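When reading the values below, keep in mind they use all heavy atoms of this one structure, side chains included, and skip hydrogens, waters and symmetry mates. As the structure is a prediction and not an experimental result, all values here were calculated from the model.
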Amino acid sequence: MAQFKLPLLEEWLKHRSILEELLQRIDNQHVHYKPWEDAMTLGGMALHLAGSAYAFVSLVKTGSFARPEVPECNSMDEVRKQVTKLTAKTKAMYESITQQELNTIHTSPRAALNGPRVKLLSLVYDHELHHKGQLFLYARLAGVKDLPFFR
C-alpha cells in the first residue's frame with residue numbers, strides 16, 4: 001500500500017513542539033495559576049489541550065471519542081511529563097490513520113462535525129492553536145519574559 005500524507009500532521013506537530021517549549025519556561029509554582037476565578041488553571045489547560053487532541057485523533061481512527069486518563073498534576077514538571085506522553089501517543093495514533101478512516105463519514109449531534117472524519121483533524125489543529133494562544137497569555141501574566149516564537 002502506498003503511503004499518503006496525513007492532513008495537518010506536520011503542522012500540528014510544529015505547534016505542539018512550541019507548546020512543549022513554552023511549558024518548559026513556566027515555573028512549577030504557576031501550575032495552578034488562572035487569570036480569573038472561573039478560568040482553567042495553566043496546568044489544567046495544557047492537559048486539556050493534550051488530552052483533547054488525543055481524543056479527537058482517536059475519534060478519527062476508531063470512530064469513538066476516547067478521553068485519556070490524565071492524573072492530577074501539582075507541578076509543571078508533572079504537566080510537562082503528561083503532555084509529552086500524550087503527544088507521543090497522539091502522534092502514533094495519528095500516523096496509523098488510513099485513507100479509509102479519513103473518508104469514513106462521522107455523524108454527530110453537532111452538525112458542524114458531520115462529514116468525513118478527515119474534517120475532525122482540522123478541529124484538532126484549530127483547538128491546538130486556540131488554547132496555545134491562551135497559554136501564551138497565561139505565561140505572560142504569570143511573569144514569563146522570554147516566550148518562544150509562536151510557530
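Residues Tyr33 and Thr41 fail the side-chain proximity criterion, which asks for heavy atoms closer than 4.5 Å. Counting only heavy atoms from C-beta outward, the side chains of Val79 and Val83 approach each other to under 4.5 Å. Gln134 is not listed as a side-chain neighbour of Leu137, based on a closest heavy-atom distance of 4.5 Å or more. Side-chain contact between Leu59 and Arg117 is absent, with no heavy atoms from C-beta onward closer than 4.5 Å. Looking at Lys119 and Leu113, their side chains never come closer than 4.5 Å, going by heavy atoms from C-beta outward. Here the side chains of Phe56 and Leu121 are not in contact, with every heavy-atom distance at 4.5 Å or above. Side chains of His130 and Leu49 form no contact here, defined as non-hydrogen atoms less than 4.5 Å apart. Contact of the Phe136 side chain with the Ile18 side chain is registered, since non-hydrogen atoms from C-beta on lie closer than 4.5 Å.
Met76 and Gly43 get closest at one heavy-atom pair: SD-CA, 4.5 Å. Of all heavy-atom pairs between Cys73 and Leu47, the closest is SG-CD1, 3.8 Å. A pairwise comparison of heavy atoms in Ser58 and Ala66 identifies OG-N, 3.4 Å as the closest pair. Across Ala50 and Thr90, no two heavy atoms sit closer than the pair O-OG1, 4.3 Å. What you find for Pro116 and Ile105 is that their closest heavy atoms are N-CD1, 3.8 Å. The nearest pair of heavy atoms linking Glu21 to Pro148 is OE2-CB, 3.3 Å.
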For Leu120 and His106: C-alpha separation, side-chain torsions, deciding distance, then whether side-chain contact (heavy atoms from CB on, under 4.5 Å) applies.
CA-CA 9 Å; Leu120 299 172; His106 175 71; 4.1 Å; yes
From CA spacing to verdict: side-chain contact (heavy atoms from CB on, under 4.5 Å), Leu42, Val31:
CA-CA 6 Å; Leu42 195 155; Val31 70; over 6 Å; no
Apply salt bridge (charged side-chain N to carboxylate O under 4.0 Å, His left out) to Lys81 and Glu78, showing your working.
CA-CA 5 Å; Lys81 181 180 176 183; Glu78 292 172 3; over 6 Å; no
Decide yes or no on side-chain contact (heavy atoms from CB on, under 4.5 Å) for Ile97 and Val57, but give the supporting numbers first.
CA-CA 9 Å; Ile97 294 170; Val57 170; 4.0 Å; yes
For side-chain contact (heavy atoms from CB on, under 4.5 Å), just list the numbers for Asn74 and Glu72, CA-CA rounded to whole Å, side-chain angles, deciding distance to a tenth of an Å, and then say yes or no.
CA-CA 7 Å; Asn74 289 306; Glu72 184 161 334; 3.9 Å; yes
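His127 and His48 have their aromatic ring centers within a separation under 6.0 angstrom. Taking the centre of each ring, His15 and Tyr125 come in below the 6.0 Å mark.
Atoms CG and CG, from Leu13 and Leu19 in turn, are 12.0 Å apart once rounded to the nearest 0.5 Å. Remark: Gln100 CD to Thr104 OG1 distance equals 5.5 Å, nearest 0.5 Å. With rounding to the nearest 0.5 angstrom, the CD atom of Gln82 is 10.5 Å from the OG1 atom of Thr87. The distance from the CZ atom of Arg80 to the CD atom of Gln24 is 5.0 Å, given to the nearest 0.5 Å. Considering CG of Leu8 and NZ of Lys14, their distance stands at 11.0 Å, rounded to 0.5 Å. To the nearest 0.5 angstrom, Leu141 atom CG is 9.0 Å from Trp36 atom CH2.
Under a 4.0 Å N-O distance rule, the pair Arg16/Glu20 does not qualify as a salt bridge.
For the pair Ser108 (side chain) and Arg110 (backbone), a donor-acceptor distance under 3.5 Å is present. Between the side chain of Tyr138 and the backbone N or O of Met40, at least one donor-acceptor pair lies under 3.5 Å.
Heavy-atom contacts from other residues, nucleotides or ligands closer than 6.0 Å to NZ of Lys61 number more than 12. Few gaps surround CD on Gln29; more than 12 heavy atoms of other groups in view lie less than 6.0 Å from it.
Looking at Asn103 and Gln99, their side chains do bring a donor and an acceptor atom within 3.5 Å of each other.
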